Protein chains: 2
Amino acid sequence: MPPTTEKRLRAHARRNRDTILATAHVVVREQGANASLEEISRRAGVGSATLYRHFPTRAYLLELVLRDRVESLVTQAETLLADPAPGEALADWLRIVIDLTATNPGLATAMTYRTSEAGLGEPCRDLVRAAAEKLITRAKQAGACNPDVQVDDLLDLVHAIATATEHHPARADALMLLAVKGITTPLPPLPED
Amino acid sequence: MPPTTEKRLRAHARRNRDTILATAHVVVREQGANASLEEISRRAGVGSATLYRHFPTRAYLLELVLRDRVESLVTQAETLLADPAPGEALADWLRIVIDLTATNPGLATAMTYRTSEAGLGEPCRDLVRAAAEKLITRAKQAGACNPDVQVDDLLDLVHAIATATEHHPARADALMLLAVKGITTPLPPLPED
DNA sequence: ACCTGAACACCGTTCAAGT
DNA sequence: ACCTGAACACCGTTCAAGT
């Protein structure tokens with residue numbers, strides 16, 4: 001005879017967990033990284049303490065909700081490494097990042113997590129950083145990227161733009177494009193004699 | 001005989017107002033644009049309702065605290081219009097803006113206010129926008145500014161960077177400089193034949 | 001007119017009590 | 001082990017009552 005009660009409890013716990021996670025998906029999409037945890041638990045039909053038991057920190061919950069998006073960015077970066085134009089590959093990837101953050105509230109925040117939440121593998125920040133670094137290095141070698149560009153600066157800039165446009169997705173592209181092209185242009189070296 | 005009671009009351013009200021404003025200066029410097037209004041009133045030694053009576057909205061209070069900084073940015077823009085190098089003048093002003101927002105929490109937010117709070121003159125956003133526009137136009141005419149730059153894009157970008165670095169002032173310059181120089185560099189037109 | 005303290009409706013987090 | 005509802009300490013805002 002299996003220990004039915006015990007198993008039922010665990011199954012129920014798992015069901016609760018899944019419900020909270022599904023609800024979190026919806027609410028985070030609505031409200032972004034600062035979604036009300038109280039509301040998530042309320043809508044999921046559980047006490048708020050149950051949510052805290054399953055997901056001790058906001059970061060942990062947010063990462064579970066958005067990690068596949070982060071991984072998608074990494075995958076797309078890998079693909080773009082095969083692009084014959086290294087500068088455009090970098091610019092394209094930045095546009096992809098911005099577009100995805102603009103349509104997935106909370107993603108910009110999740111991308112910055114530096115510590116790996118229990119059992120989730122490498123921190124999101126590290127994943128994204130590694131992806132960005134490869135694209136940047138290749139673009140620099142091709143002379144298509146400003147050699148002063150530092151990975152961390154670029155990621156922080158992307159994060160700044162993504163956060164600022166999180167609720168105005170239509171603005172995201174314009175700001176990123178501005179940063180990509182630069183504001184001041186060096187004058188073309190005219191034959192000034 | 002002057003109406004002493006009446007005058008005393010008004011004087012006391014004014015004193016309360018001044019105290020709240022002075023306290024707001026301190027607390028906003030500590031906590032930024034989302035400083036706790038409750039704490040400001042608590043520290044000023046008045047009830048929170050008194051604060052709301054004098055300063056009906058957070059925006060109104062924040063603008064009173066930071067408007068002179070905004071005006072200082074406008075003044076410095078005017079000065080830089082006389083700089084012989086239009087491109088550098090623009091870049092310098094952007095650095096000044098970023099530096100000031102990085103050392104004055106809340107300023108980035110105050111700069112975006114689009115509606116003029118009662119009796120404060122033109123909205124901060126308009127003031128800053130006009131200043132930026134002049135610098136941009138001149139730099140474009142000199143060929144020292146990317147002709148695609150739109151004033152509103154640039155201001156939003158500055159706001160994004162300023163907000164993101166509000167509590168990490170040391171990062172502010174690096175991000176702004178990156179945006180100014182641009183990320184992808186067009187290859188110099190090598191005689192490739 | 002102006003101020004005050006209390007009240008209201010929220011929030012995130014913790015905890016004692018239940019099964 | 002897991003869940004629940006209540007409690008706690010906050011917050012911004014409004015309001016009735018006082019002078």
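Just so you know, these numbers use all the heavy atoms, side chains as well, and skip hydrogens, waters and symmetry mates. A quick note: this is a predicted structure, and the numbers were derived from the prediction, not measured. The chains referred to below are lettered A, B, ... by the order of the sequence lines, with proteins before strands, and numbering in each begins at 1.
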For this session: Look at E38(A) together with R42(A) and state whether they make a salt bridge at an N to O cut-off of under 4.0 Å.
Result: no
Problem set entry | pair R17(B)-L64(B): side-chain heavy atoms closer than 4.5 Å | yes
Could you tabulate the donor-acceptor pairs under 3.5 Å formed by side-chain atoms of residues 84-98 of chain A, not counting sequence neighbours?
unit_1, atom_1, unit_2, atom_2, d
W93(A), NE1, L73(A), O, 3.0

Seminar exercise, completed: One should read off an interatomic distance between M111(A) CE and L127(A) CG, to the nearest 0.5 angstrom, of 10.5 Å
Problem set entry | Listed once per pair and sorted, the salt bridge (charged side-chain N to carboxylate O under 4.0 Å, His left out) pairs that draw on residues 19-31 of chain A, sequence neighbours left out | E30(A)-R43(A)
For this session: Ignoring backbone atoms, test whether N16(B) places a side-chain nitrogen or oxygen under 4.0 Å from the OP1 or OP2 oxygen of dC2(C).
Result: no
For this session: Go through dC2(D), dC3(D), dC3(C) for me and flag the one nearest to the R10(A) side chain.
Result: dC2(D)
Exercise. Which of residues 26-40 of chain B sit near DNA chain D, with a heavy atom under 4.0 Å from it?
Worked result: A35(B), S36(B), L37(B), E38(B)
Exercise. Of I20(B), L21(B), V46(B), V26(B), which is the lone residue that meets side-chain contact (heavy atoms from CB on, under 4.5 Å) with I40(B)?
Worked result: I20(B)
Seminar exercise, completed: Rounded to whole Å, CZ of R15(B) lies from C1' of dC2(C) at a distance of 13 Å
For this session: Find the distance R53(B):CZ to dA1(C):C1' and express it as a whole number of Å.
Result: 7 Å
For this session: Begin with the C-alpha distance, continue with both residues' side-chain angles, and end with the deciding distance and a verdict on side-chain hydrogen bond (donor to acceptor under 3.5 Å, both in side chains) for Q141(A) and T137(A).
Result: CA-CA 6 Å; Q141(A) 279 165 359; T137(A) 304; over 6 Å; no
Seminar exercise, completed: Here the distance between atom P of dT13(C) and atom CZ of F55(A), to the nearest Å, is 14 Å
Problem set entry | Phosphate OP1/OP2 of dC3(C) contacted by H54(B) side-chain N/O (<4.0 Å) | yes
Seminar exercise, completed: Against the side chain of Y52(A), the closest entry in dT13(C), dC3(D), dA1(D) is dT13(C)
Exercise. Atom CG in D83(A), atom CZ in R138(A): separation rounded to 0.5 Å?
Worked result: 6.5 Å
Exercise. So, is R42(B) close to the dC11(D) phosphate, meaning a side-chain N or O under 4.0 Å from OP1 or OP2?
Worked result: yes
Problem set entry | Pairs involving residues 151-161 of chain B, ordered by first then second residue, that meet salt bridge (charged side-chain N to carboxylate O under 4.0 Å, His left out) (sequence neighbours left out) | R171(A)-D153(B), R171(A)-D156(B), R125(B)-D152(B), R125(B)-D156(B), R129(B)-D152(B)
Give me the distances for all protein-to-nucleotides 15-19 of chain D N/O pairs that come in under 3.5 Å?
none

Exercise. Can you check side-chain hydrogen bond (donor to acceptor under 3.5 Å, both in side chains) on E71(B) and T75(B), steps first, answer last?
Worked result: CA-CA 6 Å; E71(B) 283 165 3; T75(B) 307; over 6 Å; no
For this session: Fill in the dot-bracket string of DNA chain D, one character per base: . for unpaired, | for a pair to another strand, ( ) or [ ] for pairs within the strand, taking Watson-Crick or G-U pairs under 3.5 Å.
Result: ||.|||||...|||||.||
Exercise. What residue among D99(B), T165(B), L178(B) forms side-chain contact (heavy atoms from CB on, under 4.5 Å) with D173(B)?
Worked result: D99(B)
For this session: Using heavy atoms to find the nearest nucleotide of DNA chain D for R17(A) and S48(B) separately, return the residue whose nucleotide is more 5′.
Result: R17(A)
